[in-house]
**Student:** 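Sharing a structure below in structure tokens format, with a few things to ask.
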Number of protein chains: 2
Amino acid sequence: MTVTSVHDPSHREALWELEDAFERGDLVSVFGRCTVSYEGRAASDLGAGDRLLVLKPDGAALVHTDEGRQPVNWQPPGSEHHAAVREGRLRVRSTRSNPDETLTVRFSDVHQLSAMAVTGGRDLTLHGSEEDLRTRILERPDLVEPGFEPRETERPSSAGPMDVFGVDAEGTPVVVELKRRRVGPDAVGQLARYVRALREELGGEEGDGASPAVRGVLVAPSLTDRAAERLAERGFDHVALDPTPEE
Amino acid sequence: MTVTSVHDPSHREALWELEDAFERGDLVSVFGRCTVSYEGRAASDLGAGDRLLVLKPDGAALVHTDEGRQPVNWQPPGSEHHAAVREGRLRVRSTRSNPDETLTVRFSDVHQLSAMAVTGGRDLTLHGSEEDLRTRILERPDLVEPGFEPRETERPSSAGPMDVFGVDAEGTPVVVELKRRRVGPDAVGQLARYVRALREELGGEEGDGASPAVRGVLVAPSLTDRAAERLAERGFDHVALDPTPEE
DNA sequence: ATTTATATGTCGACT
DNA sequence: AGTCGACGTATAAAT
């Protein structure tokens with residue numbers, strides 16, 4: 001049997017089950033009425049209500065209400081779970097250091113507690129990421145523009161590694177910045193840093209008006225208005241491209 | 001009774017419980033062995049393994065493994081849950097539009113299914129946020145510097161609303177950007193945009209070297225090295241301040 | 001609906 | 001341990 005489960009346990013029964021589950025390294029879920037308090041990077045308090053508490057063997061803790069993708073309170077992996085009965089009620093506390101943080105869940109009622117031994121199956125394969133966009137461009141450089149030749153990926157510079165470095169049909173160096181989705185002005189700033197770094201590296205004195213020709217190309221499905229303005233100011237180009245080919 | 005719970009149900013029993021739970025608007029958790037596939041903004045596939053599926057009445061769906069704060073797959077609130085038995089196995093599908101996204105969880109075994117009617121208790125009070133930092137500064141402007149006078153919060157500009165606008169002891173306009181924690185270079189860029197916008201608004205032509213005096217102050221607990229460099233380049237100041245007073 | 005800034009963001013990679 | 005950039009980021013506020 002890989003799952004243990006108790007319905008409407010006493011607080012002491014719940015404590016035993018929890019301690020056993022921690023011992024076994026189980027993934028735990030607790031339904032019940034509780035208050036939650038957190039103190040660490042910030043601090044918060046949550047009044048009594050029905051919630052779902054999830055405790056993972058890697059130390060992660062999640063408190064979920066009936067709404068939202070995000071837990072209302074949580075503790076990151078690497079924390080330590082402790083269960084106790086205080087003043088007749090089940091108290092679950094998850095703590096970590098660096099930074100010091102404590103999450104405390106106090107149950108007035110435990111409705112359901114389940115624990116499952118979890119095995120394997122963490123092999124997620126994700127498609128449509130920035131990685132895919134790069135692959136696509138390396139396979140078909142003409143998608144950037146006719147005559148474009150990629151020379152290097154993750155090319156180092158004083159401003160950090162640039163996504164793709166290459167030359168255009170005229171032999172002019174081109175810095176390509178990849179974004180998997182619609183981008184704002186920050187992406188233009190990032191591209192500008194790489195271009196500036198490369199111009200300096202290639203020998204131009206900054207601001208002498210004769211800096212070496214280096215082009216900047218932003219590859220992204222689309223731009224916000226402000227991003228388009230900034231791109232134009234800098235004299236960079238935009239190539240509309242998705243990480244995955246259209247169906 | 002607010003909680004229903006079944007242990008090792010048949011796929012058909014699980015289906016009935018799920019449909020009832022959707023009908024009642026319950027918060028649902030399902031332990032079991034399953035495969036997961038997602039298609040939408042990106043696409044992913046996850047092989048067979050033991051996982052926890054959480055289904056919320058607001059449409060959110062979460063697939064959790066034994067590791068990590070984040071679900072390995074999910075669907076945002078506003079999605080629609082559907083359960084069915086296909087080829088003798090429980091299939092839960094969560095779909096939404098704009099963008100079109102589908103999450104499909106196929107169970108080979110359902111170990112435990114629980115559903116709880118959830119009531120209220122969503123009144124989280126959070127402390128230590130940027131909001132707190134602003135409050136703190138408005139109450140004690142001298143924390144920024146002696147003689148500083150806040151004039152406006154969320155003051156509009158062409159670059160968006162600035163956190164705090166005021167004047168220093170000399171009467172020079174000051175733009176204050178607030179960050180609740182250690183900041184990188186992006187925050188300096190944000191502050192620079194506000195300062196530039198304000199200089200233009202106050203009548204200086206950009207780049208004429210005689211733009212009106214406007215100071216920029218970044219209030220944050222600390223800075224990264226690169227952020228400090230950029231701050232110095234721009235001639236802005238840093239004030240070390242936490243959102244909450246030290247104990 | 002789109003854009004913008006925040007988040008106890010989380011997470012991975014690299015120094 | 002600290003820094004940096006990506007994320008199917010999520011989320012809320014404003015336009």
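Please read all numbers here as calculations on a predicted model, not as lab measurements. So you know, we letter chains A, B, ... as the sequences are listed, proteins then strands, and number each from 1.
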**Student:** What is the distance from CD of B/E101 to P of D/dT9, rounded to the nearest Å?
**Tutor:**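 Rounding to the nearest Å, CD of B/E101 and P of D/dT9 are 9 Å apart.
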
**Student:** On DNA chain D, does the nearest nucleotide to B/A42 precede the nearest nucleotide to B/P77 from the 5' side, or the other way round? Give the residue.
**Tutor:**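 Final value for this comparison: B/A42.
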
**Student:** Taking CG from B/D100 and C1' from D/dG8, how many angstroms apart are they, rounded to a whole number?
**Tutor:**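 Atom-to-atom, B/D100 to D/dG8, this comes out as 14 Å.
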
**Student:** Is it the case that the side chain of A/S157 and the backbone of A/G160 share a donor-acceptor pair, with hydrogens and angles ignored and the cut-off at 3.5 Å?
**Tutor:**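 Such a contact is found between A/S157 side chain and A/G160 backbone.
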
**Student:** Between B/R134 (CZ) and C/dA5 (P), how many Å, whole number?
**Tutor:**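 Checked: the CZ to P distance equals 14 Å.
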
**Student:** For A/H238 and A/A220, indicate whether the former's side chain and the latter's backbone hold a donor-acceptor pair under 3.5 Å.
**Tutor:**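 Yes; at least one donor-acceptor contact below 3.5 Å.
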
**Student:** Between atom CD in A/Q70 and atom P in C/dG9, what is the gap in whole Å?
**Tutor:**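 My rounded result for the distance is 12 Å.
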
**Student:** Quick one: label A/E131 by what it contacts on the DNA or RNA (base, sugar-phosphate, nothing), any heavy atom closer than 4.0 Å.
**Tutor:**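 Answer is nothing: A/E131 stays at 4.0 Å or more from every strand.
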
**Student:** Separation of A/R69 atom CZ from C/dG9 atom P, in whole Å?
**Tutor:**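 Taking CZ of A/R69 and P of C/dG9, I get 15 Å after rounding.
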
**Student:** If the threshold is 4.0 Å, N to carboxylate O, is there a salt bridge linking A/E101 and A/R41?
**Tutor:**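 So A/E101 pairs with A/R41 through a salt bridge.
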
**Student:** So, does B/Y194 get its side chain near the phosphate of C/dT4, meaning an N or O under 4.0 Å from OP1 or OP2?
**Tutor:**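 So the side chain of B/Y194 is outside the cut-off, no N or O lying under 4.0 Å from OP1 or OP2 of C/dT4.
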
**Student:** Report which part of the nucleic acid A/G128 touches: base, sugar-phosphate, or nothing (heavy-atom distance under 4.0 Å, all strands).
**Tutor:**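 If one applies the 4.0 Å heavy-atom cut-off, A/G128 turns out to touch nothing in the nucleic acid.
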
**Student:** Within less than 4.0 Å of OP1 or OP2 of D/dC7, is there a side-chain N or O belonging to A/R182?
**Tutor:**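 No, outside the criterion.
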
**Student:** Nearest to the side chain of B/Q75 - D/dG8, D/dA6, C/dT6?
**Tutor:**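 Per side-chain heavy atoms of B/Q75, the pick is D/dG8.
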
**Student:** State whether A/N98 places a side-chain N or O below 4.0 Å from either non-bridging phosphate oxygen (OP1 or OP2) of D/dA1.
**Tutor:**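 Affirmative; the distance criterion is met.
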
**Student:** Could you please name the option among C/dT8, D/dC4, D/dG8 that lies closest to any side-chain atom of A/N73?
**Tutor:**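 Among C/dT8, D/dC4, D/dG8, the one nearest the side chain of A/N73 is C/dT8.
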
**Student:** Could you tell me whether the phosphate oxygens of C/dG9, OP1 or OP2, come under 4.0 Å of any side-chain nitrogen or oxygen in B/R181?
**Tutor:**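 Result: yes.
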
**Student:** Is B/W74 close enough to D/dT9 that one of its side-chain N or O atoms is under 4.0 Å from OP1 or OP2 there?
**Tutor:**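 No, no such contact exists.
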
**Student:** Ignoring backbone atoms, establish whether B/S44 has a side-chain N or O less than 4.0 Å from OP1 or OP2 of D/dG8.
**Tutor:**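 No, B/S44 has no side-chain N/O under 4.0 Å of OP1/OP2 on D/dG8.
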
**Student:** So do the side chains of A/R136 and A/E131 get within less than 4.5 Å of each other, counting heavy atoms only?
**Tutor:**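 In short, these two side chains do not touch, never coming nearer than 4.5 Å.
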
**Student:** D/dA6, OP1 or OP2 - any side-chain N/O from A/R180 closer than 4.0 Å?
**Tutor:**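 Negative; the distance criterion is not met.
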
**Student:** When you compare the side chains of B/H64 and A/K56, does any donor N or O come within less than 3.5 Å of an acceptor on the partner?
**Tutor:**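 A donor-acceptor contact under 3.5 Å links the two side chains.
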
**Student:** Without decimals, in angstroms, what is the distance between A/M162 CE and D/dA6 P?
**Tutor:**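 It is 14 Å, rounded to the nearest whole Å.
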
**Student:** Heavy atoms only, 4.0 Å cut-off, all strands: where does B/R96 land among base, sugar-phosphate and nothing?
**Tutor:**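 Touches nothing.
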
**Student:** If the cut-off is 4.0 Å, is A/S129 near the phosphate of D/dA6, judged by side-chain N/O to OP1 or OP2?
**Tutor:**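 The answer is no; no side-chain N or O of A/S129 sits under 4.0 Å from OP1 or OP2.
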
**Student:** Any side-chain N or O of A/R226 below 4.0 angstrom from OP1/OP2 of C/dT4?
**Tutor:**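 Yes, such a contact exists.
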
**Student:** When you measure from the side chain of A/R234 to the backbone N and O of A/A192, does any donor-acceptor pair fall under 3.5 Å?
**Tutor:**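 Answer holds: no.
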
**Student:** Between atom CG in A/L133 and atom P in D/dA6, what is the gap in whole Å?
**Tutor:**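 About 12 Å, once rounded to whole Å.
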
**Student:** In this structure, how many angstroms lie between the P atom of C/dG12 and the CD atom of A/E154, rounded?
**Tutor:**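 It is 17 Å, rounded to the nearest whole Å.
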
**Student:** Given D/dT9, C/dT6, C/dT2, which nucleotide is nearest the side-chain atoms of B/E130?
**Tutor:**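 That would be C/dT6.
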
